There are 2 protein chains.
Amino acid sequence: MAAPGSGFWTFGSENGASEPENPNTAKAWCQVAQKFTGGISSKLCALLYGDGEKPMDTGIKEGAKPEDKKLACVCDKKPCSCQKDQINYSFLYSTDLLPVSNGEMTTLAFLQDVVDILLQYIVKSFDRSTKVIDFHYPNELLQEYNWELSEQPQTLEDILANCRTTLKYAIKTGHPRYFNQLSTGLDMVGLAADWLTSTANTNMFTYEIAPVFVLLEYVTLKKMREIIGWPGGCGDGIFSPGGAISNLYAMLIARFKMFPEVKEKGMTAIPRLIALTSEQSHFSVKKGAAALGIGTDSVILIKCDERGRMIPSDLERRIIEVKQKGFVPFFVSATAGTTVYGAFDPLIAIADICKKYKIWMHVDAAWGGGLLMSRKHRWKLNGADRANSVTWNPHKMMGVPLQCSALLVREEGLMQNCNQMHASYLFQQDKHYDLSYDTGDKALQCGRHVDIFKLWLMWRAKGTVGFEAHIDKCLDLAEYLYNRIKNREGFEMVIDGKPQHTNVCFWYVPPNIRNMEDNEERLNRLSKVAPVIKARMMEYGSTMVSYQPLGDKVNFFRMVISNPAASHQDIDFLIEEIERLGQDL
Amino acid sequence: MAAPGSGFWTFGSENGASEPENPNTAKAWCQVAQKFTGGISSKLCALLYGDGEKPMDTGIKEGAKPEDKKLACVCDKKPCSCQKDQINYSFLYSTDLLPVSNGEMTTLAFLQDVVDILLQYIVKSFDRSTKVIDFHYPNELLQEYNWELSEQPQTLEDILANCRTTLKYAIKTGHPRYFNQLSTGLDMVGLAADWLTSTANTNMFTYEIAPVFVLLEYVTLKKMREIIGWPGGCGDGIFSPGGAISNLYAMLIARFKMFPEVKEKGMTAIPRLIALTSEQSHFSVKKGAAALGIGTDSVILIKCDERGRMIPSDLERRIIEVKQKGFVPFFVSATAGTTVYGAFDPLIAIADICKKYKIWMHVDAAWGGGLLMSRKHRWKLNGADRANSVTWNPHKMMGVPLQCSALLVREEGLMQNCNQMHASYLFQQDKHYDLSYDTGDKALQCGRHVDIFKLWLMWRAKGTVGFEAHIDKCLDLAEYLYNRIKNREGFEMVIDGKPQHTNVCFWYVPPNIRNMEDNEERLNRLSKVAPVIKARMMEYGSTMVSYQPLGDKVNFFRMVISNPAASHQDIDFLIEEIERLGQDL
C-alpha cells in the first residue's frame with residue numbers, strides 16, 4: 001500500500017495533484033466504486049489508497065507543524081468523510097472542528113463516529129438480551145467516573161469516550177421491557193426528525209427564523225383540533241414544554257377569559273377563584289394554581305368512583321357550594337387518562353355542568369389524547385369536543401420523542417390577547433411578510449424549542465392509520481396482561497374490569513403473605529413488596545415498571561404500555577419476573 | 001460482479017452460509033478491509049459483493065413475498081449497515097424500521113441516510129457562498145409544497161425528501177453571516193451531544209430514568225454557581241425551557257420566600273406586591289408578573305441612562321414611593337446584557353439597595369451571563385455574586401444549541417419548598433436510592449427535557465478557557481464593527497462609546513436622507529430604511545441582522561455577535577451589504 005502522503009491523498013494544499021498510480025491496483029477498484037451512490041465510493045477510495053497498516057495520525061504531535069494535520073481530499077464527493085479512519089482523535093480538539101478552516105473532514109468524521117456510537121446504542125436498545133439499565137447508585141456513579149468540568153479542553157477521543165460512558169449508564173427507554181413511564185419507546189422516524197431539529201438549531205419565535213417549523217405547527221395544530229372535533233379545525237394552540245405547562249396555560253387563559261383585567265391588575269383586583277379537578281388528576285393542576293397566584297387551597301378535588309373517574313354529581317355539588325360562599329368557580333379540569341388508573345372522566349356530563357354554570361372546561365388528555373387517533377377507542381373521549389381547551393401529549397401514547405405536548409384552545413385569539421406584551425423591539429410590526437405567523441408573543445416563553453418536526457414527520461411516515469394501529473396494539477397488550485393476571489395466583493387487581501387505557505394496576509402477593517389475615521400487618525408487609533421487587537428489577541436490569549400507593553391502597557404496580565416494541569412475550573416475561581423476584585418476600 | 005442472492009449476501013435466514021468465492025477478486029479486497037476500524041470494512045464488502053449495476057430492491061413489490069425484503073448480512077460488524085446502498089426506500093415504510101423484527105439493517109441505512117443529509121447541510125451552513133436563507137413568503141411556502149397530514153403513510157423515500165425540503169427552506173443558523181438573534185452558530189460538539197440526548201430519549205424527572213443526566217445537571221449547576229461567586233458553589237438551580245421561564249421561576253421563588261402562605265392561599269391573602277426592573281429589561285418580567293397573578297401594573301419600570309443601564313437612584317426613589325403607598329416591593333430584576341443595547345445594569349449599587357430594603361435581587365443574565373467565563377469581561381457582572389437568583393442562558397453567548405437556560409438560586413431548598421406537591425404517586429419515598437437526586441418536584445414541569453448534556457459535553461470539549469476564547473473573540477468582533485462604522489459616512493451610532501457586550505446599534509442613513517433637515521419627515525423616512533434593507537437581505541439571502549425601534553428612536557439595526565464562525569471579513573461584508581442594499585432609499 002502507498003505510504004501516507006503519496007498517491008490519492010496529498011498533504012496540505014500546496015500539492016493538490018495526485019501522483020501517477022498503478023491502474024492494476026487501487027485505482028481500478030476506486031473507479032468501480034465511483035458508480036455507487038452514497039458515501040461508499042469515497043470511503044472505499046480512501047481505504048484503498050491509505051496506509052494499510054495503522055491509522056494515519058492527523059493530529060498535532062509535539063514538534064509537528066500545524067499544517068501536518070490537514071489532509072486534502074480530492075474525491076468527487078462533497079462533503080466527504082474519506083479519511084475518517086485515518087484520524088487520530090487523541091490529538092484533536094473541538095477547535096479542529098468546523099467552523100475552523102479546513103475543519104470539514106475532521107468534523108464529518110467526528111460526527112459520523114458519534115452517529116456510529118448512537119446506532120450501536122439504538123440496536124442494543126431493541127435487543128431483549130441487553131439490560132434495560134446498568135443501574136448504579138448515585139454515589140457509585142459519581143465515584144466511578146470523573147464527571148467534573150475543568151479549565152482545560154479534552155481531546156475528541158475523550159469526548160467520544162464521554163458519549164459511550166453516558167450511554168452505558170443510560171436507561172434504554174426504547175427497550176421492549178421498559179414500562180416505567182408514560183413515555184416509552186424510541187421511534188426511528190421521530191428520532192431522525194429530532195436529529196434534524198437539533199441540526200437546524202432554531203426556535204419558534206418568528207416566521208423569519210423558523211419558516212417551515214412555524215407552518216408545520218400551524219398545519220399540525222389544525223389537524224389535531226379537527227380530530228378533537230372542533231368545527232373546521234378552528235381555534236388556537238401551541239406546543240409547550242410538557243403537559244404541566246400546557247395545563248398551566250389552560251388555567252391562565254381561562255382566568256383571562258373571565259377576568260381580562262387580571263393581566264394588568266393581578267389577582268387582588270378580582271374575586272377569589274376556584275378550580276375544580278378530580279382527586280386522581282395530575283398534580284400539575286395544583287402546581288399551576290400555586291404558580292398563578294390562585295393558591296392550592298382554591299383547587300377543589302372532586303371525588304372519583306372506584307375506577308378513578310370523576311363523579312359529576314360531586315362536581316356539581318361543590319360548584320354550588322363555592323358559589324354560595326361567594327367564590328368564583330372558573331376552571332374545571334377533567335382528566336382523560338389519569339396517571340395511575342388510566343381513567344377517563346365522563347366528559348359529556350362534565351361538559352353539561354360546565355355549560356350550566358358557565359365555567360371553562362379543560363380536558364387534560366396528556367396521557368389519553370392519543371386514543372383520539374383510534375376509531376376503536378376514541379369514544380372514551382366523547383365530550384372532548386365540547387371542551388374549551390385540551391392538553392394532548394404526543395410524546396406519551398403516540399410515541400413521539402420527548403418533548404412534545406400540545407395545548408389546543410377552542411377560541412382563537414385568546415391566547416395572543418392573554419400573553420402578548422407588544423414588545424416592538426422583539427416583534428417588529430413593519431416586517432415584509434404576514435405577521436400572523438410570528439407566534440412568539442402568544443407564548444409565555446420567548447424562545448421556544450422546536451417540538452413540532454418530530455410529530456409532523458412521524459405523522460407523514462405513519463399516517464393517521466399508523467398511530468391508530470400503534471394505539472390499538474398497546475391497548476390490546478394491556479388487555480392481554482389483564483386477562484393473564486386477573487385470576488392468576490398471587491396477583492390481585494387494584495380495580496375490577498377491563499382496562500380503559502393501557503394502565504393495569506395490581507399487587508403481587510408473595511406466598512408468605514397470601515394466607516395472612518387481612519389486617520394491618522398484612523398491609524404493612526404488602527406495601528413493601530413492590531419497592532423491593534422494583535429495586536431488584538433495576539439491579540438485574542431485566543425490566544422496569546412503576547409502583548405507587550394511592551389513597552388508602554398500599555404500594556401496587558402500575559403497568560403502562562406505550563412502547564411499540566413490546567410484545568405478548570414481554571408481558572409474559574414481566575409477570576414471571578415479578579414472581580421470580582418476589583416469591584421470597 | 002455476483003448476482004443478488006449469491007456470494008456474501010444471502011436472502012432470508014434459511015441460507016446463512018456463504019457460497020465459495022474467487023479469492024482473486026472481491027474476497028481478497030474484503031479481507032484487506034477487515035483490518036480497518038469503523039464501518040468501512042463491512043461497507044466495502046457489501047459493495048464488492050453486491051450487484052454492481054443498480055441498487056438492489058429490498059422493498060415489498062406488488063406480488064412479491066414479504067420475505068423477499070429481508071436480507072441477512074453475515075459480516076462481522078454488529079450493528080452493520082452493509083447493504084445501505086441496496087435499499088430502495090420507495091417500497092419501504094416506517095413499519096419496516098425497528099422495532100420490527102429484521103428491521104435492523106433498514107433502520108441503520110435509513111438513519112445513516114438522514115445523517116448524510118444533515119452532514120451536507122452542516123457543511124453548507126458554514127460555506128459563505130451559500131445563502132443564509134432561501135426565503136419564501138408563508139403563502140408561497142404553503143403552496144409550493146404539500147405539508148398536509150393524511151390518513152395513509154408515506155414511504156421512507158418521501159420521508160427523506162421531506163427532510164431535504166425542510167432543510168432547503170430552513171435558515172442556516174450556523175452561517176457565518178447570520179446575526180439575527182442572540183442565539184447563533186452551530187457547535188459541533190453541542191450538536192453531537194444533542195443527537196445523543198435525542199437518542200437517549202428520557203427526561204429529568206427522577207434519577208432512576210436519567211441517572212447520568214441528573215448527575216451532570218448537579219455538577220454543572222454547581223460549577224456555574226462557583227463562577228457566579230457563591231461560596232463553595234452552594235445553592236440550587238434548574239435548567240428550564242428558556243430565559244423567560246427562568247425569570248418566571250425567579251419571581252415565583254422570590255414571592256414564596258417573602259410570603260410562603262401564597263402557595264396555598266394565593267395572592268388574595270397577601271399584600272399587593274411590586275416588582276421593579278429597568279425600562280429596557282426583557283419583556284418576560286412583565287409576562288411573568290401577568291402569569292403569576294401579580295399583574296403588569298405592578299411591574300415598575302426604572303429609568304435607564306443613555307447607554308441603557310438602570311439608574312440606581314431612580315430605583316430607590318420608586319421603592320420608597322411604593323412603600324409609602326403600602327405596597328410591598330418584593331423583587332428587583334437587574335439586567336446583565338439587555339436585549340437591544342447589551343447594557344449591564346450597575347449590579348453593586350442595585351445589590352446595596354436590595355439589601356437596604358430587603359428585596360430579592362434577581363439578575364437576568366440570560367444574554368450577558370456568558371461573560372462570566374471571560375477574565376477580561378466578567379467585571380461587567382460585578383455584583384452578580386450578591387444576587388439571590390441569576391438567569392444565565394448558555395444557548396445564547398456560549399453557543400450551546402437551543403434550548404439551554406439555567407436559573408441559579410442562592411438559597412438551597414427554597415425551590416423545592418416552593419414547587420413541591422408531594423405527589424407520592426409520582427415521587428415514591430421508599431425507593432432504594434438517595435432521593436435527593438429526584439429533582440422533578442422542584443420544577444414547575446413534570447417531565448423536563450434534557451438540556452444539560454450539550455452544555456456539559458461542550459464544556460468538557462472546550463474547557464472553561466475555550467468558552468473564554470469564544471466570548472473574547474465575539475466581543476473583539478463587536479469592537480471591530482464599532483470602530484469600522486463610528487466615523488463612516490452614512491452610519492450613525494445609536495449610543496456613544498465602545499460596546500459593553502456584542503450589541504452594536506446603528507442607523508444606516510442613505511445618501512438621499514443624509515443631508516435632510518433633522519425633522520419629522522427625515523425621521524419618518526429613516527424609520528423605513530432598516531425594514532427595507534432587512535427585507536432585501538432576506539430575499540437575497542446574503543446575511544441577516546435584526547432591527548427595531550426603541551423608545552423615541554426610530555428603527556435602527558441591532559448587530560449582535562455570538563456566532564464563532566463570524567470573522568472580520570463577515571463584519572466588513574455586513575457593512576458593505578447594508579450600503580449596497582440601502583443606497584437608493
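None of these values were measured; they are calculated from a predicted model. Scope of the values below: all heavy atoms of this structure, side chains included, with no hydrogens, waters or symmetry mates.
With a 4.5 Å cut-off on non-hydrogen atoms, A/F110 touches chain B through its side chain but not through its backbone. Contacts of A/L273 with chain B are absent, with no heavy-atom separation under 4.5 Å from either backbone or side chain. Contacts between A/T107 and chain B at a heavy-atom distance below 4.5 Å involve the side chain alone, from C-beta outward. With a 4.5 Å cut-off on non-hydrogen atoms, A/A269 does not touch chain B at all. Heavy-atom distances place the side chain of A/N180, and not its backbone, under 4.5 Å from chain B. Contacts between A/Y433 and chain B at a heavy-atom distance below 4.5 Å involve backbone atoms as well as side-chain atoms. Within the 4.5 angstrom heavy-atom criterion, only side-chain atoms of A/Y437, from C-beta onward, approach chain B. For A/T220, the parts lying near chain B are the backbone and the side chain together; criterion is any non-hydrogen pair under 4.5 Å. For A/L457, the parts lying under 4.5 angstrom from a heavy atom of chain B are both the backbone and the side chain.
Considering all non-hydrogen atoms of both residues, A/V219 and B/W147 come closest at CG1-O, 3.6 Å.
Between the side chain of A/Q445 and the main chain of B/P241, a donor-acceptor pair closer than 3.5 Å is present. A donor-acceptor pair under 3.5 Å is formed between the side chain of B/K223 and the backbone N or O of A/L149.
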Trace of the side chain to side chain contact (heavy atoms under 4.5 Å, CB included) decision for B/I117 with A/W195: CA-CA 11 Å; B/I117 292 169; A/W195 287 355; over 6 Å; no
Go through the steps to decide whether B/M188 and A/L111 satisfy the test side chain to side chain contact (heavy atoms under 4.5 Å, CB included), and finish with yes or no. CA-CA 8 Å; B/M188 293 298 112; A/L111 290 176; 3.8 Å; yes
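Applying the side-chain contact (heavy atoms from CB on, under 4.5 Å) criterion to B/D187, with sequence neighbours excluded, gives B/V189, B/M458, B/K462. Taking B/S183 as the reference, B/H395, B/K396, B/L402 meet the side-chain contact (heavy atoms from CB on, under 4.5 Å) condition, with sequence neighbours excluded.
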